[in-house]
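Take a look at the structure set out below.
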Amino acid sequence: MTSPTRFPFKQVGYAGPAMESRVDELRGRLGPVPPTHLAERTGASYLELGQGRGEFHLALFGASVILTYPDFHATLASTDTTLPAFKHALLLYYFLQSDGVPIAGTWVSFSDLPDGRIYAPAFQGYTGDLLAKRFLLDLDAFRASCQNAGGTSVSFGDAAYRFHALPRMDLLIAYHLGDEDFPSTASVLFDANAGHYLPAEACAILGSSLTQMVLRSSG
């Protein structure tokens, strides 16, 4: 597995010159890799447009994205708008680190990811804790918001929803309902093989992005 340099973020603040600089760095590191190898490793489809140029097609949380080759410029397919720098960096990290290992189909916490333990308390604070504070004892509202955000119900805890973030990156939000004496808890979990596709810092941003999607879907 490729070991990329660290993702420049401080909790959920992932914008600015450092991110733009990292996007440029990652483009350069991906340049020598043949596009067919990248497609095989990531699960993206590759459309050759001519000698030495083409497009990768994939979905990010259900939104169709185009990543050009060889300049690795990312746009939203529906509007042809350039992705924000942090989403651009996520895609490039995904292409750089992916090694083709299939989805495991089992769930682990953020702290179980390679190098995830150091960020785990902060990650829980801006993901699971925010969700539990929003929904409290209202399990129906949690279910509705996850469905509106594109989640698929699975059997886990009191309620849980699976989200297809990238071709080989699935996330799960699990909710455990509290009562008058114990508060509800929520956790954002990852496929056990997530470390084969993104570094922990990038997984943190992916989990934060999913949390915000669900919160926005709650009205």
Answer whether the closest heavy-atom distance between the side chains of Asp158 and Phe142 falls below 4.5 Å.
-> no
Same hydrophobic cluster for Met213 and Leu172, using side-chain heavy-atom links shorter than 4.5 Å among ILVMFWY?
-> no
Validation row: Leu67, Leu92 side chains within 4.5 angstrom (heavy atoms) = yes
Mind checking whether Leu91 and Leu58 have side chains closer than 4.5 Å, heavy atoms only?
-> yes
Stepwise, does the side chain to side chain contact (heavy atoms under 4.5 Å, CB included) test hold for Asp112 with Arg117?
-> CA-CA 7 Å; Asp112 292 322; Arg117 191 169 300 277; 4.3 Å; yes
Given Phe110 and Val188, is the side chain to side chain contact (heavy atoms under 4.5 Å, CB included) satisfied, shown in steps?
-> CA-CA 8 Å; Phe110 184 82; Val188 175; over 6 Å; no
For Asp140, the side-chain hydrogen bond (donor to acceptor under 3.5 Å, both in side chains) test, sequence neighbours excluded, returns Arg143
Any chance you could lay out the side chain to side chain contact (heavy atoms under 4.5 Å, CB included) test for Leu60 and Leu166, step after step, and finish with the verdict?
-> CA-CA 5 Å; Leu60 176 61; Leu166 287 160; 3.8 Å; yes
Closest non-hydrogen atoms of Val214 and Cys146, given as atom of the first, atom of the second and distance, are CG1-SG, 4.1 Å
His57 versus Ser64, side-chain donor and acceptor atoms under 3.5 Å = no
Determine, step by step, whether Ser218 and Arg134 satisfy the side chain to side chain contact (heavy atoms under 4.5 Å, CB included) criterion, reporting the C-alpha distance in whole Å, the side-chain angles of both residues, the deciding distance to 0.1 Å, and the verdict.
-> CA-CA 9 Å; Ser218 68; Arg134 170 66 64 87; 2.3 Å; yes
Would you check if Arg162 and Trp107 make a side-chain contact, meaning some heavy-atom pair closer than 4.5 Å?
-> yes
Under 3.5 Å, side chain of Tyr94 to main-chain N/O of Arg168, donor-acceptor pair present?
-> yes
With distance as the sole test, does Ser145 use its side chain to make a donor-acceptor pair with the main-chain N or O of Leu215 at under 3.5 Å?
-> no
Do the ring planes of Phe190 and Phe123 sit parallel (below 30°), tilted (30 to 60°) or perpendicular (above 60°)?
-> tilted
Tell me, with the steps shown, if Ser21 and Asp24 meet side chain to side chain donor-acceptor pair (under 3.5 Å).
-> CA-CA 5 Å; Ser21 176; Asp24 289 338; over 6 Å; no
Check whether the ring centres of Phe56 and Phe95 lie less than 6.0 Å apart, and answer yes or no.
-> yes
Check: Phe86 and Ser209 side chains under 4.5 Å, non-hydrogen atoms = yes
